[in-house]
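Every chain is numbered from 1 and lettered A, B, ... according to where its sequence line falls, protein lines coming before strand lines.
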Amino acid sequence: MMTERLRTHLLPVAVMALAVLALWYAGALWLNAPQVLDGFARAHTDHWTLSEFARQAFSQKRPILPTPDQIASEMVQSLTGYPVTHVRNLLFHTAVTAGSALTGFGMGVVLGILLAIGIVQVKTLESSLLPWVITSQTIPVLAIAPMVVVILGNIGFSGLLPKAVISMYLCFFPITIGMVKGLRSADPLSLDLMRTYSANGQQTFWLLRLPSALPYLFTSLKIAVAASVVGAIVAELPTGGQAGLGARLLSGSYYGQTVQIWSALVMSALLSVSLVWLIGLMERFVVTGKRGGTR
Amino acid sequence: MQAPLPPVPPPQTVPPAAIARTIVDARNVTLTYQTADKPVYALSDVSLKINKGDFISLIGPSGCGKTTLMRTIADLEQPTSGEIIVNGMTPEAARLKRAYGYVFQAPALYPWRSVERNVTLPLEIMGMPAAERQQRARDHLEMVGLAGFEKKFPWQLSGGMQQRVSIARALAFEPDLLLMDEPFGALDEITRDHLNLQLTRLWLQTQKTCIFVTHSIAEAVFLSTRIVVMSPRPGKILDVIDCEQHLPRERTLDIRETPEFAHIAQRVREGLMEGHSYDD
Ligand SMILES: Nc1ncnc2c1ncn2[C@@H]1O[C@H](COP(=O)(O)OP(=O)(O)OP(=O)(O)O)[C@@H](O)[C@H]1O
Ligand SMILES: [Mg+2]
């Protein structure tokens, strides 16, 4: 049993991870080579071995591509070297970003679901509202973000809210689209059943349309929660905030601190993955029964 | 081989009021589906009177409009011409009064609800108190041989079990008119016999009116007071066979060995063969 699982599950994962790591180190070797050669030239080191070269390439202070171990040790240092409330602790920044991402996500869920219900229940909204919803997503978030910050700042909102609004802007769309599809996914026979019971619109909605929409909703929620992290990070760039993963990325790129940038990137990826995982956990509790309909 | 004849039942004493109370009156019903390429004549000039307490079987080749006729009676399709009166009102009014219990050709269970909560669904919509609807669900699940499966989910059941849940769901609703579209199609012979017996008992007990679609001649003859034989393209009624003249209302399985039964079955078979001759 155990060896079977090892062979079918762990082995491919391990092989893939090793391949990625090997590629990464090879890339670091290649991309950091000019820096290393420069250093040798400046020190008038004419005779160097390959292992000397590699050691140098993997331990540059400001490498073009830092190695995984450099990123890991930077992260460990940041996470364990300072209290969590300290600005040099990455968890502090992660929490700031997560705060605005989740606030925006919450707002996006409410907005997205309300829009979907409106579009499904009110015929005219589909043709009048849906084009706006779609158009809204054709404007790049990078263009919208500064405007939102300026406009909201002008009417007295700063800090969390503008960032949350930008997250929401990225979030609500997948939720609306998924939910519209989900609310319409009930099969004709199930709807006929409701008709023979002479169920009213509300009963049909709560007892049939909403439960059949849930699997679609959760798929959208996973996409949306990841988008909300992106939105929060993008929003931290124009706000010029001192805190948040976006601020870390920005200050890292100001000072050419590539290791710091990559640490923030890894942190944001970890944040997104854990949020998606949490949604998956919720899904398992909320969506009872296996899907795929009756046989 | 001469099977022993069952004891002759005492003549039925039917209260006079029940004799002629028409519950479904279809008059010259025609229904044409408009499809992309050409119209489909699903029903053509179908007239049928069904009295309260009748058990009507619809039998005929696949695609002859049995499902369409039932759907039209239940206000799920609108006739192109002609009219249907149910309980003295339009099918829509009857539907709004929750006169129908419909067992579809497919189980149509809600996969996110347990078996019991599937059965209580219509009762919830009616606004029945929780304790009462649970009791009703249990009773009816037991009736279709699914006691102990209340907490299972539909996908954990076999196809035939799912169909029995959908029968329990329709029965628990206690409708005036029970419409069943091939409810026992997916069942083995023994379970089918058992449920046929249960169904006639229930029907006698409750005085319900049933419309029943089947492809089995024996099942039709065993259950019905009248058998409606249909033919396809366009769907119409070829023959209506009155079984009550020859068979008692109260039936047991061994009635199937009687010559009367064989005689009716033969007539149904002839009708069906005539219906099939329309296919070429
Ligand atoms: N929604 C629809 N749109 C177009 N044509 C339809 C539709 N429903 C049924 N039909 C057609 O109407 C005819 C009658 O169909 P119906 O489902 O009533 O047959 P049936 O007697 O119940 O057959 P079966 O025994 O296979 O269930 C068929 O030719 C079918 O193709
Ligand atoms: Mg059919």
Side-chain angles (χ1 to χ4, degrees), chain A residues 109 113 116-117 120-121 123 175 178-222 279-295, chain B residues 67 70-71 73-77 91-115 117-118 120-128 151-163 165-166 169-170 172-173 175-179 181 186:
Chain A
V109 169
I113 291 179
I117 291 174
V120 170
Q121 300 287 75
K123 270 259 150 53
I175 294 172
M179 201 62 188
V180 165
K181 176 140 182 137
L183 288 174
R184 290 192 174 142
S185 70
D187 66 299
L189 216 51
S190 300
L191 283 165
D192 282 345
L193 201 62
M194 281 292 174
R195 252 174 87 87
T196 62
Y197 300 147
S198 147
N200 60 30
Q202 265 188 34
Q203 289 169 325
T204 307
F205 180 84
W206 289 106
L207 295 173
L208 174 60
R209 288 194 190 275
L210 193 66
S212 20
L214 283 183
Y216 293 83
L217 176 65
F218 273 99
T219 307
S220 300
L221 287 182
K222 286 179 198 166
I279 303 273
L281 207 65
M282 267 165 62
E283 180 176 15
R284 258 201 264 159
F285 279 100
V286 175
V287 181
T288 44
K290 198 162 105 183
R291 293 322 170 110
T294 48
R295 274 184 289 176
Chain B
T67 300
M70 294 240 285
R71 288 178 62 85
I73 292 171
D75 188 41
L76 297 174
E77 306 284 351
E92 187 186 10
R95 178 174 64 77
L96 294 177
K97 288 204 159 168
R98 306 200 163 110
Y100 306 109
Y102 202 135
V103 178
F104 292 105
Q105 211 163 345
L109 302 176
Y110 291 2
W112 55 88
R113 286 183 159 242
S114 66
V115 163
R117 304 220 324 124
N118 262 290
T120 58
L121 175 78
L123 310 178
E124 247 171 78
I125 292 171
M126 280 165 64
M128 186 183 282
K151 297 290 170 237
K152 291 265 193 283
F153 281 91
W155 49 274
Q156 295 171 310
L157 268 49
S158 73
M161 288 160 101
Q162 291 180 13
Q163 191 59 345
V165 176
S166 93
R169 180 178 60 188
F173 193 46
D176 285 347
L177 188 56
L178 193 57
L179 304 164
D181 200 343

Side chain proximity check, A:Asp192 to B:Glu77, heavy atoms < 4.5 angstrom
no
Measure across B:Ala108 and A:Leu193 and return the closest heavy-atom pair with its distance rounded to 0.1 Å.
O-CD2, 3.7 Å
Could you tell me whether A:Lys123 atom NZ has more than 12 heavy atoms of other residues or ligands within 6.0 Å of it?
no
Answer yes or no: is there a donor N or O on one side and an acceptor on the other, between the side chain of B:Arg98 and the main chain of A:Tyr197, under 3.5 Å?
yes
Using a cut-off of under 4.5 Å on heavy-atom pairs, state which of B:Arg71, B:Arg169, B:Gln105, B:Lys97 scores highest against chain A.
B:Arg169
Minimum heavy-atom distance A:Met194-B:Ile125, with the two atoms named
SD-CD1, 3.6 Å
Begin from the C-alpha positions of A:Ser212 and B:Tyr110 and carry the test side chain to side chain contact (heavy atoms under 4.5 Å, CB included) through to its verdict.
CA-CA 9 Å; A:Ser212 20; B:Tyr110 291 2; over 6 Å; no
If only atom types and distance count, is the side chain of A:Arg195 paired as donor or acceptor with the main-chain N or O of B:Leu76 below 3.5 Å?
no
Heavy-atom distances under 4.5 Å only: say whether B:Ala99 touches chain A with side chain, backbone, both or neither.
neither
State the OG1-CG distance between A:Thr196 and B:Leu179, to the nearest 0.5 angstrom.
9.0 Å
dist A:Leu208:CG -> B:Arg113:CZ (nearest 0.5 Å) comes out at 10.0 Å
Quick check on the interface: out of B:Tyr102, B:Tyr100, B:Phe104, who has the most heavy-atom pairs with chain A under 4.5 Å?
B:Phe104
